[in-house]
Protein chains: 2
Amino acid sequence: MPPTADSSTQQDRNIAATFAKGMAVLEVFDGQVPALTLSEIARLTGQDRATARRGALTLVHLGYLRQDGRHFSLTPRVLTLAGGFLRAHQIGRQVQPVLNHHAAALGVEITLASRDGDHALLLAQSTAHGGPISYGFTPGSRLPLLHTSLGRMLLAGEAPDRLEGRIGEAPLTRFTEQSLTDPAQIAATVAAARQAGYVITDGEFEPGIVGIAVAVAPHAVLGSSVPRGRDGADGLDAILRGLQNCASELRLAGALSGL
Amino acid sequence: MPPTADSSTQQDRNIAATFAKGMAVLEVFDGQVPALTLSEIARLTGQDRATARRGALTLVHLGYLRQDGRHFSLTPRVLTLAGGFLRAHQIGRQVQPVLNHHAAALGVEITLASRDGDHALLLAQSTAHGGPISYGFTPGSRLPLLHTSLGRMLLAGEAPDRLEGRIGEAPLTRFTEQSLTDPAQIAATVAAARQAGYVITDGEFEPGIVGIAVAVAPHAVLGSSVPRGRDGADGLDAILRGLQNCASELRLAGALSGL
DNA sequence: ACATGTTGTGCGTTATGCGTACAATTGTCA
DNA sequence: TGACAATTGTACGCATAACGCACAACATGT
């Protein structure tokens, strides 16, 4: 065995560090602030100012960033990257119509989500039929994993042994007064979700909002949110059945096989 | 002026070539094929296989690509980049609800698009209220600029002098029998669109589909597609008025100022 | 069987990106 | 208005990190 250089000092020859640093620049544009200056980019990425500058200028050159004076902001071009994923998985053709159809029948918004790190990542979303309520999320939005029905249903699909570590580590941010803070309690809801095939959360992420989610594929879940009280107990049951029907239909279409 | 090195051999010291090459790797995943091998990536990007390999492995390391044996495919993580743009421009909070509302009132699908190079780039889309039809497009999808109502309305918003060059250069691919192929004719429709504030195309991109579009902001347009004959002449008028109302409401919200 | 096309991976070379340093600019308090 | 502080833009020497040739192992097809 050749003395593989220590992984701390020596870089992996198969990884392009410059590329990774550039992606880090792109990643700091998470939308929380509409535009960033070079110094802010450098600070947020932890890179040298000159390095951040090269990364940002390269992104401008490629058309992903716009430079207005000293402010850099994203261009719509980043959407084309997402478009590649959505097209590859036939989201527009095979998934979205199904979501729309069931959402119209139920009168609620239906969301398809997958997992990205310790967040639930929204892949697609139907619009609420007559729903005046909208939470402002879009494809690409990320929700917490531990305190949303979507996230817990995703966790329920994971291997049980990997769960405890995942739950225990997180700082367990408390979003509402009703947010569960005990890791054991959260693990219990996840276990129950795995058992039942669905999960319901009540106001743990946004107060007064009840979330309900079911599994579709190994790493894909379906969910809806409704204001508490808007639908009675049987209303939730109807939504649950609707989500399960929707999930079945998506499975039949077989478009979500690869994550 | 210092003798700036010739731009052909000497790289711009402010552009990170490795980063640009890596982005090129990411860009070839446009969704036309669900997965790519290293050789395909190298061929499509024109890079050396070793270079393409480093780029792809870096993307795997960062979580944007998945490697299954010899096949690389996109992960949902690319959506987070799009999410940054959508959140920065308040698409989910300020735009999507407006689109949904007007779409439900009109019974048609409404699409918000911007421009990316010589394509119209879909930013957001409402679902048709009772609409069984869906064209399989999603945010991030790209439509031709010359033969769609969205594209021509975008061109109508450009400076007139830059138009002729833009139209004349393109190979003028013919999508349907009704596609206009004469640059002068297309330029005339664009000029008419600028004059009237809206544009209607009939089956030039997809046969039997009528497209209608209006301008919202300097580089943003709104459009709908309906099957020919589904709505009579007054139906199209109603849709046009609805789109214009929708555009006004979006302008009032003022969320689309920066492209 | 050979021929053709993959794929993975060393490794020497040198181009390339790094970051310090300085200059120019903006903002802020007296 | 001053002078100070904190940004920003840019250049350039140096070391490193990316390049791409080359080879070997494997697959595919004629």
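So that the names make sense, note that chain A is the first sequence line, chain B the second, and so on, each numbered from 1.
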Participant: What heavy-atom pair brings C246(A) and I110(A) nearest, and what distance separates the two atoms?
Facilitator: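 Shortest heavy-atom contact: SG-CD1, 4.5 Å.
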
Participant: Is it the case that atom CZ in R66(B) sees more than 12 heavy atoms from other parts of the structure closer than 6.0 Å?
Facilitator: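 12 or below, so no.
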
Participant: Any N or O donor-acceptor pair under 3.5 Å from the base of dG19(C) to the side chain of R54(A)?
Facilitator: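 Indeed there is one.
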
Participant: When the distance from NE2 of H61(A) to P of dG17(C) is rounded to whole Å, what number comes out?
Facilitator: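 So the two atoms are 12 Å apart, to the nearest Å.
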
Participant: From the list dA18(D), dG19(C), dG9(D), which nucleotide is the closest neighbour of the side chain of T51(A)?
Facilitator: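 Selected nucleotide (nearest to the side chain): dG19(C).
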
Participant: Taking Watson-Crick (N1-N3 plus N6-O4 or O6-N4) and G-U wobble (N1-O2, O6-N3), each under 3.5 Å, can you produce the dot-bracket string of DNA chain D? Use [ ] for crossing pairs and | for inter-strand ones.
Facilitator: |||.|||.|||||||||||||||.|||||.

Participant: How long is the line joining CG of N14(A) and P of dT9(C), in whole Å?
Facilitator: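 My rounded result for the distance is 7 Å.
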
Participant: Any chance you could measure I15(A), atom CD1, to T18(A), atom OG1, to the nearest 0.5 Å?
Facilitator: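 Between atom CD1 of I15(A) and atom OG1 of T18(A) there are 12.0 Å.
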
Participant: So R43(B), base contact, sugar-phosphate only, or nothing? Heavy-atom distance under 4.0 Å.
Facilitator: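 Here R43(B) touches the backbone only, sparing every base.
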
Participant: Let me know the distance between CG of D48(B) and C1' of dT16(C), rounded to the nearest Å.
Facilitator: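 My rounded result for the distance is 17 Å.
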
Participant: Whole Å only: how far is the CG atom of L38(B) from the C1' atom of dG5(C)?
Facilitator: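 L38(B) atom CG is separated from dG5(C) atom C1' by 14 Å.
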
Participant: Find which nucleotide of DNA chain D each of A16(A) and T37(A) is nearest to by heavy atoms, and output the residue with the more 5' nucleotide.
Facilitator: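 That would be T37(A).
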
Participant: Can you tell me which nucleotide in dG20(D), dC18(C), dT20(C) comes closest to the side chain of A50(A)?
Facilitator: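 In terms of side-chain proximity for A50(A), the closest of dG20(D), dC18(C), dT20(C) is dT20(C).
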
Participant: Any pair with a residue in residues 65-93 of chain A that passes ring pair (Phe, Tyr, Trp, His ring centres under 6.0 Å), sequence neighbours left out, goes on the list, sorted by first then second residue, please.
Facilitator: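 Pairs touching residues 65-93 of chain A that pass the test: F85(A)-H89(A).
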
Participant: Just N and O in the side chain of R53(B): are any of them under 4.0 Å from OP1 or OP2 of dT9(C)?
Facilitator: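 R53(B) to dT9(C) OP1/OP2: side-chain N or O found under 4.0 Å.
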
Participant: dG17(C) P sits how many Å from F19(A) CZ, rounded?
Facilitator: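 About 13 Å, once rounded to whole Å.
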
Participant: Indicate the ring-plane relationship of F19(A) and F19(B), choosing parallel, tilted or perpendicular according to the 30° and 60° boundaries.
Facilitator: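 Geometry flag for F19(B) against F19(A): tilted rings.
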
Participant: Between dG19(C), dG8(C), dG9(D), which one does the side chain of R49(A) approach most closely?
Facilitator: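 That would be dG9(D).
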
Participant: Whole angstrom is fine here: how far is it from CD1 in I15(A) over to C1' in dC19(D)?
Facilitator: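 Interatomic distance, CD1 of I15(A) to C1' of dC19(D): 16 Å.
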
Participant: Ignoring hydrogens and angles, state whether a donor on the side chain of R53(B) or N14(A) is under 3.5 Å from an acceptor on the partner side chain.
Facilitator: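 Side chains of R53(B) and N14(A): pair found under 3.5 Å.
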
Participant: If you check every side-chain atom of K21(B), which of dG19(C), dG17(C), dC19(D) has the closest atom?
Facilitator: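 Nucleotide nearest to K21(B)'s side chain: dC19(D).
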
Participant: How would you list, by chain and number, every residue that makes a side chain to side chain contact (heavy atoms under 4.5 Å, CB included) with A253(A), sequence neighbours excluded?
Facilitator: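 Applying side chain to side chain contact (heavy atoms under 4.5 Å, CB included) to A253(A) gives Q94(A).
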
Participant: Does dA18(D) have OP1 or OP2 sitting under 4.0 Å from an N or O in the side chain of T18(A)?
Facilitator: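 Checking T18(A) against dA18(D): at least one side-chain N or O falls below 4.0 Å of OP1 or OP2.
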
Participant: Rounded to whole Å, please give me the gap between CD in E40(A) and P in dT7(D).
Facilitator: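 One finds 10 Å between P of dT7(D) and CD of E40(A), rounded.
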
Participant: Take the protein atom CZ of R70(A) and the nucleotide atom P of dT10(D), then report the distance between them rounded to whole Å.
Facilitator: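 Checked: the CZ to P distance equals 12 Å.
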
